[in-house]
Amino acid sequence: PWRGPLAGPPEVTGDAKVAAMDEVGVDGAVLVSPFSLYGYDASYAVDVHAAHPGRFGLVTPVDPNDPAVAEKIAAWAAMDGAVGIRLLYYSMPEDAADAGLDRVLAAAARHSLAVNIFCWQRLEQIGALAARNPNARIVIDHLGLEPHFAPPLPPQPFAQVPNVLKLAAYDNVAIKITGASGRFSSCQNQPCSSREDCLPFDRSDCSLCTMAFSRRPSRMAAIASSM
């Protein structure tokens, strides 16, 4: 039933995730249903949430090109544990004034859901969306930077940092500070905290992103997991 592969370990179950969280003292996390595996079907994340009450919030991808997307967001908001939705740049219209994007952000704001956006190729558009939809809470996925799951890395993996920093000007934009070590490392099988050669970039580039959004802690989100 899987649409495609997901970079990472061969298997991650809800039970294993909770065990790993308990081992390091993490009380809760956000489950982001991965589009690459399940498309718009978040049922596995919903099942994991039900099996582990109180441990997870839920985020599902939505299709801005679906005329019924507002109704689907309303139904999702009524689900126990739902905290957000997700947009992916490759399914997003390029026009920030697109009616489908308006429906998504308006519905999310109406139902108090955060809008995660995987958008490293659309950073300028995100600024326009934030200005156009001031009541929507937008969360930039993975520092707003291009993910790299295997070597070789590009010469400047943090070249987009200046464009990410511009988004800090919008009070309704937060940044998810995940992905700097795992997604940008040159060795995917070892923790980058133990291998300095896993970090072929200036650590300060990552810090710039977090500092720019750290004027209020509510503008930073650190714990998320694809499942």
Side-chain angles (χ1 to χ4, degrees), residues 1 3-4 6 30-47 49 56-147 160 163-164 166-176 178 213 216 218-221 224-227:
R3 299 180 71 257
L6 182 68
V30 177
L31 290 183
V32 182
S33 182
F35 183 82
S36 60
L37 278 181
Y38 307 120
Y40 297 109
D41 178 6
S43 57
Y44 182 64
V46 171
D47 288 346
H49 173 270
F56 296 110
L58 297 172
V59 172
T60 186
V62 298
D63 182 3
N65 303 295
D66 182 353
V69 68
E71 290 78 9
K72 292 181 178 179
I73 292 172
W76 176 252
M79 297 274 296
D80 185 32
V83 296
I85 58 174
R86 192 183 193 209
L87 290 170
L88 303 111
Y89 72 87
Y90 42 79
S91 65
M92 289 171 54
E94 295 186 10
D95 184 359
D98 178 79
L101 292 174
D102 278 347
R103 284 193 291 268
V104 168
L105 273 74
R110 189 160 55 248
H111 298 287
S112 300
L113 294 173
V115 184
N116 286 36
I117 308 183
F118 181 46
C119 58
W120 63 272
Q121 287 193 339
R122 298 284 188 86
L123 293 173
E124 291 185 5
Q125 183 183 17
I126 302 311
L129 285 172
R132 184 177 174 84
N133 299 273
N135 294 323
R137 293 181 294 147
I138 295 173
V139 180
I140 305 302
D141 267 352
H142 305 308
L143 291 170
L145 303 173
E146 180 180 4
Q160 285 279 53
N163 292 326
V164 176
K166 293 176 183 178
L167 297 175
Y170 300 95
D171 287 339
N172 58 328
V173 175
I175 192 164
K176 192 171 79 175
T178 54
F213 286 85
R216 291 197 301 275
S218 61
R219 300 187 69 196
M220 300 171 64
S225 175
S226 294
M227 178 171 289

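Please read all numbers here as calculations on a predicted model, not as lab measurements.
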Apply side-chain contact (heavy atoms from CB on, under 4.5 Å) to Ile126 and Ile140, showing your working.
-> CA-CA 9 Å; Ile126 302 311; Ile140 305 302; 3.4 Å; yes
Would you sort out whether Val164 and Leu145 count as a side-chain contact (heavy atoms from CB on, under 4.5 Å), showing the intermediate values?
-> CA-CA 8 Å; Val164 176; Leu145 303 173; 3.9 Å; yes
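Under the 4.5 Å side-chain criterion, counting only non-hydrogen atoms from C-beta, Val83 is in contact with Val30. Proximity of Gln160 to Glu146: side-chain heavy atoms (C-beta onward) are nowhere separated by under 4.5 Å. Between Val32 and Arg86, the closest side-chain pair of non-hydrogen atoms falls below 4.5 Å. Residues Leu123 and Leu167 meet the side-chain proximity criterion, which asks for heavy atoms closer than 4.5 Å. Between Leu87 and Val62, some side-chain heavy-atom pair lies under the 4.5 Å cut-off.
When all heavy atoms of Pro61 and Tyr40 are compared, the closest pair comes out as O-CD2, 3.4 Å. Summarising the geometry of Ala45 relative to Leu58, their closest heavy-atom pair is O-CD2, 3.4 Å, with the distance given to 0.1 Å. The two residues Ala42 and Ser33 have their closest heavy-atom pair at CA-OG, 3.4 Å.
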Side chains of residues 107-121: which donor-acceptor partners sit under 3.5 Å, not counting sequence neighbours?
unit_1, atom_1, unit_2, atom_2, d
Asn116, ND2, Asp141, OD1, 3.3

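In terms of the side chain to side chain contact (heavy atoms under 4.5 Å, CB included) criterion, residue partners of Gln125 (sequence neighbours excluded) are, by chain and number, Met92, Ala96, Leu101, Arg122, Leu129.
Considering Val69, Asn65, Asp63 in turn, Val69 is the only one that fulfils the side chain to side chain contact (heavy atoms under 4.5 Å, CB included) rule with Val104.
Sequence neighbours left out, the pairs with a member in residues 88-109 that pass side chain to side chain donor-acceptor pair (under 3.5 Å) are Asp102-Arg132. Contacts classified as side chain to side chain donor-acceptor pair (under 3.5 Å) and involving residues 69-82 (residues at least two apart or in different chains) are given here: Asp66-Lys72. Among residues at least two apart or in separate chains, there is no salt bridge (charged side-chain N to carboxylate O under 4.0 Å, His left out) pair with a member in residues 33-42.
Rounded to the nearest 0.5 angstrom, Asn172 CG and Asn133 CG are separated by 8.0 Å.
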